[in-house]
Peer 1: 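Below is one structure. I have some questions about it.
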Amino acid sequence: VTSSQTPDLPPAVDAPPTGGPRRRTVLLSGLLGAGAGVASGAAMAVAAERSRPEPDPRLAAAGARVRPFRGTHQAGIVEPPPHYAAFVAFDLAEGSDRDAVRRLLTVWTDDIERLMAGRGTLTDLEPELAAVPASLTVTVGVGPGLVGLTGAEVPGWLAPLPAFPEIDRLEDAWSGGDLLLQVCADSPTTVAHAQRRLTTSVADLATVRWVQRGFREPFEGPGVPMRNLLGQVDGTVQPDVTGLDADLLWVGDDGPAWLRGGSSVVVRRIGMRLDDWDRVDRASRENAVGRRLDTGAPVTGGGIDTPPDLGATDGLGFHVVDDAAHLRRAHATAPHERFLRRPYSFDDGQGSSARSGLVFVAYQADPARQFVPVQRRLAELDLLNLWTVPVGSAVFAVLPGAAEGEVLGEAMFA
Ligand code: HEM
């Protein structure tokens with residue numbers, strides 16, 4: 001199934017008209033600076049008043065939007081991805097036991113329910129920072145060590161992915177963990193606040209192992225697709241996880257009882273060699289994926305939602321979609337080789353080869369069956385590998401949703 005993701009958010013904010021509030025403020029502060037040197041309090045108040053943006057009802061509605069916390073599944077998976085995210089992995093404190101895990105999940109359940117509703121947590125010193133929920137979702141994942149501590153069955157796939165030595169340059173700093181929080185919202189302030197409160201409220205139970213912050217296109221909407229930092233339209237081909245393909249996403253009766261209605265998430269930090277990418281001509285860059293850079297349509301023609309013609313050949317008999325193109329290599333060769341991709345760009349790395357890239361995030365019921373065969377094919381051959389380097393990798397079981405009155409992960413303690 002082919003679908004481009006269209007968020008239900010207003011896409012654009014109008015620029016202030018020339019001579020409007022912003023310009024007047026600049027003029028006013030310029031005059032003040034050149035004149036007295038020190039602005040009077042009254043003049044500063046006027047400047048602040050004039051520099052305040054005009055209220056935009058669409059932005060206000062987006063800021064007030066609340067996603068439901070309670071339900072069969074956790075939030076943060078099938079909704080259109082908000083613009084900003086933090087992925088935070090934790091290690092349980094040394095000597096943690098089953099009770100400690102239960103305490104932690106009890107605290108987080110309450111915190112997350114409050115934060116997603118636009119309220120501060122119980123111990124929140126700045127509840128005002130929670131007042132703009134901006135579609136906040138917090139999704140909790142657990143690693144094999146934690147599940148083992150509770151005594152619940154550890155599914156076979158809940159383990160590090162197999163090594164892909166052809167491409168992997170994994171660093172401990174971005175890999176593994178006992179717990180994952182995926183925090184997403186349309187305001188980076190909301191993400192930062194939720195991340196901090198959820199970290200501090202369990203500080204005696206778990207410590208941060210890694211944090212990966214990411215962003216998507218805030219103005220995504222009709223005519224403005226999500227593009228990754230290679231400039232490609234990203235996220236076009238997805239399974240229909242809210243319809244016919246739902247069983248690709250959620251753990252069903254064949255999985256451990258405590259995980260039914262849950263899922264799994266693979267988080268891979270993939271750096272991009274942007275300087276090398278810049279040196280490649282446009283045709284070769286389009287060839288690397290098999291899609292056009294401008295529209296995201298397949299190189300075999302049509303629009304963005306036209307399925308690529310993998311059999312098409314040119315006058316010399318070569319495939320139009322290169323044999324090593326990302327599209328051909330990633331395309332499912334069996335119906336179960338599909339998963340929901342929910343990536344975020346990053347542009348903040350320090351001191352490693354990966355300063356910019358993609359926090360690649362894939363949700364599926366069973367990563368060993370669905371994700372690994374595709375990743376293996378890509379590791380063996382994919383033109384994109386010339387410009388991409390995986391530096392982090394982690395796999396978590398995504399807890400089922402919490403029904404009214406339940407604590408997240410409660411079924412692990414049954
Ligand atoms: C930085 C790394 C990556 C970049 C820049 C990238 C980029 C892209 C782009 C531009 C497309 C075409 C548009 C679309 O359908 O979204 C695509 C498709 C796809 N990618 Fe990636 N990708 C990356 C890594 C991965 C990884 C690690 C996997 C899985 C192991 C993967 C799996 C897929 C799949 C399944 C498709 C759809 C293929 C189809 O048309 O059936 N990608 N990717």
Side-chain angles (χ1 to χ4, degrees), residues 1-5 81 161-162 164 166-170 212 214 216 225-241 245 248 265-274 276-277 285-300 302-310 321-322 325-347 349 353-364 367-395:
V1 176
T2 302
S3 71
S4 26
Q5 290 187 332
L161 293 180
F164 302 102
E166 308 93 324
I167 54 167
D168 279 354
R169 301 293 176 268
L170 302 186
Q212 304 191 41
R216 294 173 61 95
M226 155 70 182
R227 289 183 184 274
N228 62 41
L229 294 179
L230 297 175
Q232 304 154 337
V233 179
D234 202 335
T236 306
V237 173
Q238 297 275 30
D240 175 17
V241 289
D245 298 322
L248 288 174
V265 65
V266 174
V267 182
R268 302 220 349 132
R269 187 174 181 85
I270 306 181
M272 293 173 172
R273 301 186 207 277
L274 293 183
D276 295 342
W277 180 249
R285 281 184 277 153
E286 294 187 332
N287 189 53
V289 166
R291 285 185 177 270
R292 294 172 56 128
L293 281 163
D294 54 357
T295 59
V299 290
T300 45
I304 187 161
D305 287 333
T306 309
D309 181 354
L310 295 178
V321 175
D322 197 290
H326 183 68
L327 171 61
R328 181 184 293 281
R329 302 293 297 170
H331 192 64
T333 61
H336 65 266
E337 282 183 2
R338 292 178 301 150
F339 37 83
L340 177 69
R341 291 175 289 137
R342 214 173 181 277
Y344 281 81
S345 294
F346 69 86
D347 189 33
S353 56
R355 299 225 159 85
S356 307
L358 202 63
V359 186
F360 179 90
V361 180
Y363 281 93
Q364 57 278 298
R369 184 161 184 269
Q370 297 168 242
F371 179 85
V372 170
V374 178
Q375 179 62 86
R376 186 165 286 136
R377 257 201 318 277
L378 293 177
E380 281 163 8
L381 180 67
D382 174 10
L383 282 170
L384 265 194
N385 293 344
L386 292 169
W387 302 283
T388 57
V389 193
V391 295
S393 184
V395 180

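First listed ligand is number 1; within each ligand, the first listed atom is number 1. Below, all heavy atoms of this structure are taken into account, side chains as well, without hydrogens, waters or symmetry copies.
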Peer 1: If we set the cut-off at 4.0 Å for heavy atoms, which region of Val237 has an atom near ligand 1: side chain, backbone, both, or neither?
Peer 2: both
Peer 1: Just wondering, do Pro343 and Val361 contact through their side chains at under 4.5 Å, heavy atoms?
Peer 2: no
Peer 1: Specify the protein heavy atom at minimum distance from atom 1 (C) of ligand 1: its residue, its atom name, and the distance to 0.1 Å.
Peer 2: Ile270 CG2, 3.5 Å
Peer 1: What atoms of ligand 1 come closer than 4.0 angstrom to any heavy atom of Gln232?
Peer 2: 5 (C), 7 (C), 10 (C)
Peer 1: Nearest to atom 39 (C) of ligand 1, what protein heavy atom do you find, and at what distance?
Peer 2: His331 ND1, 3.5 Å
Peer 1: Hey, what's the ring geometry for Phe371 with Phe360, parallel, tilted or perpendicular (30° and 60° as the breaks)?
Peer 2: tilted
Peer 1: Quick check on contacts: which atoms of ligand 1 are under 4.0 angstrom from a heavy atom of Val233?
Peer 2: 10 (C), 13 (C)
Peer 1: May I ask you to test the Thr388-Asp382 pair for a side-chain heavy-atom distance under 4.5 Å?
Peer 2: no
Peer 1: Do the non-hydrogen side-chain atoms of Arg227 and Asp234 ever get within less than 4.5 Å of each other?
Peer 2: no
Peer 1: Below 4.5 Å, heavy atoms only, C-beta onward: do Phe339 and Val374 meet side chain to side chain?
Peer 2: yes
Peer 1: Drop me the distance from Arg338's CZ to Gln364's CD, to the nearest 0.5 angstrom.
Peer 2: 12.5 Å
Peer 1: Can you find a heavy atom in the side chain of Leu274 that is under 4.5 Å from one in the side chain of Leu230?
Peer 2: yes
Peer 1: Return the closest protein heavy atom for atom 16 (O) of ligand 1 as residue, atom name and distance.
Peer 2: Gly235 N, 2.7 Å
Peer 1: Are side-chain heavy atoms of Arg291 and Val237 found at a separation under 4.5 Å?
Peer 2: yes
Peer 1: Check the side chains of Ser345 and Asn228 for a donor-acceptor pair under 3.5 angstrom, ignoring hydrogens and angles.
Peer 2: no
Peer 1: Could you count the protein N, O or S atoms found under 2.8 Å away from atom 21 (Fe) of ligand 1?
Peer 2: 1
Peer 1: Counting from 1, what ligand 1 atoms have a heavy atom of Leu327 closer than 4.0 Å?
Peer 2: 39 (C), 40 (O)
Peer 1: When Pro390 is tested against each of Arg269, Gln375, Arg268 for side chain to side chain contact (heavy atoms under 4.5 Å, CB included), which residue passes?
Peer 2: Arg268
Peer 1: Suppose we measure from atom 14 (C) of ligand 1 to each protein heavy atom; which comes out shortest, and what is that distance?
Peer 2: Thr236 N, 3.2 Å
Peer 1: Would a 4.5 Å heavy-atom cut-off, applied to side chains only, mark Leu378 and His326 as touching?
Peer 2: yes
Peer 1: Measure the shortest side-chain to side-chain distance between Thr295 and Ile304 over non-hydrogen atoms and say whether it is less than 4.5 angstrom.
Peer 2: no
Peer 1: With heavy-atom distances below 4.0 Å as the criterion, list the atoms of ligand 1 near Phe371.
Peer 2: 29 (C), 30 (C)
Peer 1: Write out the residue and atom name of the closest protein heavy atom to atom 12 (C) of ligand 1, then the distance separating them to 0.1 Å.
Peer 2: Arg291 CD, 3.6 Å
Peer 1: With atoms numbered from 1 as shown, which atoms in ligand 1 lie under 4.0 angstrom from a non-hydrogen atom of Asn228?
Peer 2: 5 (C), 7 (C)
Peer 1: Considering only protein heavy atoms, which is closest to atom 27 (C) of ligand 1, and at what distance to one decimal place?
Peer 2: Gln375 OE1, 3.4 Å
